[in-house]
Amino acid sequence: MRRKNTKTTLLGVLALAFVGQFAVSQGYLLGFWRKNYSPGGIVANNLDPSQLALSLFGFREFLAGMLWVRADSFFDQGNYDAVLPIIRLCTILDPKQIDVYATGMWHIGYNFTDEEQRSDRRYIPSALALGKEGARQNPNTYEMFFETGWMWYHKVDDDYGQAVKWFEEAAKREDILPARRNLLWSAYQKAGRPDESLNYLYDLYDRAKGRLKDDQQFGNRQQYDTIENNLDTMLVRMVQRGWVAQHSEEGKKNNWYANGAYDTKPPFDVGFSAKVTVLSDRVLRVEGTWNVLPVGTRIRIVLRDADYPQAKMAELDWDSSDSVNLDPPRNLTFMQDQLFVRNRHFNRKIDMSKDPTMYPFIAKNYLVEFYYNPRSAPPHIQDKFGFNGEGFTDKNFLRTDVRETIQFKPAKFDDHKFPIEFEQIPLKDIPQRVMYTTLSLTQEQIRRKGEWSDKTPVVKTVNYVESTDSKDKDDVIYIPNLRVSGTGDAKAPAEAPKK
Amino acid sequence: MGAILSISTTTVGEAIRRRVLLVILMIGVLLISIVPALSVLSARSDLTTTISSMLFVLRIVSVLIAIVLTVYMIPNEIERRTIYTILSKPVQRWQFLVGKYLGAVLALGLMIGLMAGVMLILFYFFKHPPMERMLDLLRQAILYFIEVSLLAAVAIFFSTFVTPLVNFFLSAGVWGVGSLLNPLYDSFANNQGSAPIIRGMAKFVTSILPNFSNYDVKNPIINPGVTIQNETTYYLGTAGYGLLYITILIIAGILIFDRREV
Amino acid sequence: MASEPPQGGVLPLGAAIETRQLTKTYKSRALGKINVVDHLDLQVEEGEIFGFLGPNGAGKTTTIKMLLGIIYPSAGEGYVLGREIGDMDVHRVISYLPERPYYYEHMTGMEILKFYGALFGINDKDKFQRLLEKVNLAGDATKTISQYSKGMQQRIGLAQSLLNDPKLLFLDEPTGGLDPIAHTEIRDLILQFRDEGRTVFISSHELSEVERICDRVAIINKGKIERQGRLEDLLRGGRIEVIADGLNQGFADTVRAPESTVSFHNGRLIVDMSEEGDVNGLLDGIRDAKGQIISVVPRRRRLEDLFIETISEKKSGGEAA
């Protein structure tokens, strides 16, 4: 009897404890764990069973460390394809290994090239996705924000608003190294926002001065000098390029820009023209004119499927992917290169025949895009073109609808007050003046098949003028002096007002 | 209470003399000791690698010790007939079982304490970490102790009705699945594409099996800088969860053991 | 110990152990159901040394385990010191020494007593010391069990079994595997227990030992009690050997009977017959035939004979069936 009672009591306690553990586990622990301790990004189908077991038992970091050592040997052998999955694995196993994210992103973005050292840009959305993931996983350190910004700034070298966004985020992290802050001022400038660039330079200047005051070491002195120098140059350029005249209150009131003599006035016509000749299967010759004498112009050329899904004008939608896909669309073609201008001409052979996997040319129709963004121009050319291309024009191919100036503003914040979503604000009053035009080619033309097997396909812009002159001569086009002498009173203030 | 205490202290005395356990323990201490040298694996994430490897060794060795110690505890008593002399005294079976379990927990505490001590000392001398990280490590070690206490309860429960060998794999299996629960649940819950039935299953399994993954909180320890709100409450929560689940297992074990022919 | 008798029946005073139809059934895949202990009726009086005899595998240990509540009966009932078996209060006043017991080897003799003492709530160092002296281990109290000989281990076992001054002791093969000197020591201790008024229940297959010390025995075979009673009663019914000379074959043939063995050689007759047989008639016959009686020797039965008789009877009976 007593035994039976005891048993009933025990069963009761057991049931209560069971309900209790259920409540504690489901009601509290699970949620808390997922929020704070979850490794995140566990993607089971990327791991073989033993790796999965090891990783899920909580030994992920250990495994990731071992794998990363292995990846190193593949790097040494140049076996880049083998490195890719390891990078992915390591980041899945240990999303806190910033080295892997940074190296992996750089690897995906830069290392896959064709025989002529052109990057396979079909990978770039994935490289950026890896950067975004790395930043999400490591929101407390500046590194992945900086690295992702760098990818926009240097590799994409366009859409500088994105570089600004990432560099701004990096600069918010307390652990950022002083020198890593510097790039942001340049990014602001390339994004068409020299006023913010100037303000940021003042901020950098104050910081450098403060550090130098605390510690007279060489590095601090050097940093201070660099920033001071940059600040001086920036002020001079803002005046010279007429930015102050155009944008300061006083300048606007007194019509300084209209009346003054500025380097950027009047806009300079670059006179673009181009001809594309298909020399043989997948080999093109691209030649044409660009009426800028000083060395330093690189015109972007893109050859891609006419209906490439993520394509925008003269670029892909680089930010299109949030998931890292190591297998780029192998049935699509996207070639991007630069045409280097010498003596106001460009003439370049583009040989894609050695890399049929990168340039499969499966689709029927192709687009050749020519694109020039004065914001990417080197400073000595920008002195004429202005920060925003206000001193730049092309009587045939000037476009202001190709790129928007976008400012990203944090819209949603995570628990640590870091933004996780951004609002895109188009700055309509800062239009991007670019040169853009396209030519069309068919698959048969590029592959020299069908009717084109014994006929040389040639496509050209309507204004292209065949010249019999030697291309080495520099008398093809009249060369105006880049420094146009001003007509009005140059009364711009010596220093731009600090906001 | 005197009987339980007496049985548990005797169990500790026996456990710390078991050669196989001492060998595993020695290997654990040895592995922890060579970890500081492993930091070459990743020069920049030196601390990360060191902490994660040390905790890796601590956890796996503790789990192994817990299982090996516990699966043989009851069967050995029966085989060597010590249980007859004990049960012929005024000792209830539940007292015997609870005493044995507490002895196992005490022995585990001693062994994990030793390994954690070595870990903390080595970590301090080789890496000169801030005190906060030392405390983080200590906290994780304590959570691992609760984890293996729960695991010992699982093994004791099974040992009331299966043979040691079967128990070894059963307990290891339960621990294996139990330490996957949160990550699996997490990945199903995050992946909106997974079928509702699978997500339901994940939820069901998570609420039935002992959830060992609750005790794996080393992410922020390895990657500090994240401030976690109310972490103490979580630690208390996991301890409470552990106690509740241990209660379940021990009561179930008592109910089975009470009718068991020994 | 509570004075109120437990539910389930009260035993007549004086019975230390009583079982009624106590049965333990095991299921085996190969052999089906086996009654390891088969409707056992056992009665052990208080203050006696009771021998529980049987070959290996007869069900002795199973019975003891049931009486101790370590395993549960499949059927029937049993009472120990007036309580239903399994009653925890009874465990305070009984004690058990298993066959070839194992003690935690890392402990010393003294620690063993402390450990088992703690299970009763006893922490009396003087008592432990007295018990060690009693089993002649006082000098080895600080040695660990691993350093003890088998005999010493058995004696420390006896010491621990005396911790609670038990009214009833269960000793399972107490002399098993011991040398003759150890035998004697253990035997003396057991006799001492009886003198102290304790009931001793000895399970054994070493019959000479049991014969020397037991008051009553039960013989169990294949789970069933074959004989049970006072040793004197069971051994009653010995044999008588008659030897005579100067007789012829014809006479020898007349004395042959089913219960007798008769041998005749060169005029010498040897008759081995039951005590209950007609000894006087035989002697008269020899005298009438002019034979010379050389010796008449009564031979008392030994427990071994009884045991073998019982077991072999059972065997042949089983075969016939």
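In the text below, chain A, chain B and the rest are named by the order of the sequence lines, each starting its count at 1.
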State the OH-CZ distance between B:Tyr235 and A:Phe32, to the nearest 0.5 angstrom. 8.5 Å
Search all heavy atoms of B:Asn211 against all heavy atoms of A:Ser25 and return the closest pair with its distance. ND2-OG, 4.3 Å
Can you confirm whether A:Val24 sits close enough to B:Thr238 that some side-chain heavy atom of one is under 4.5 Å from a side-chain heavy atom of the other?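 Not in contact.
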Heavy-atom cut-off 4.5 Å, strictly under: side chain, backbone, both or neither for B:Ile208 against chain A?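 Interface part for B:Ile208: both.
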In Å and rounded to the nearest 0.5 Å, what is the CG to OG1 distance from A:Leu29 to B:Thr206? 12.0 Å
Within 6.0 angstrom of B:Phe169 CZ, more than 12 heavy atoms from elsewhere: no
Ignoring hydrogens and angles, tell me if any N or O in the side chain of A:Trp33 forms a donor-acceptor pair with the backbone of B:Tyr215 under 3.5 Å.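 Not confirmed, A:Trp33 side chain does not pair with B:Tyr215 backbone.
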side-chain contact (heavy atoms from CB on, under 4.5 Å) between A:Leu11 and B:Leu255: does it pass, once the steps are laid out? CA-CA 9 Å; A:Leu11 282 171; B:Leu255 289 172; 3.6 Å; yes
Can you tell me how far CD of A:Gln21 sits from CG of B:Leu209, rounded to the nearest 0.5 angstrom? 9.5 Å
Quick one: what part of B:Ile251 sits under 4.5 Å from any heavy atom of chain A, side chain, backbone, both or neither? both
Set out, in order, the CA-CA distance, both residues' side-chain angles and the distance that settles side-chain contact (heavy atoms from CB on, under 4.5 Å) for A:Tyr28 and B:Tyr234, then state yes or no. CA-CA 8 Å; A:Tyr28 174 62; B:Tyr234 179 79; 3.7 Å; yes
Which atom pair, heavy atoms only, marks the closest approach of B:Ile248 to A:Leu14?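 Closest approach of B:Ile248 to A:Leu14, heavy atoms only: O-CD1, 3.9 Å.
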Going from CZ on A:Phe22 to OH on B:Tyr241, what distance comes out if it is rounded to the nearest 0.5 angstrom?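 Output value for this atom pair is 11.0 Å.
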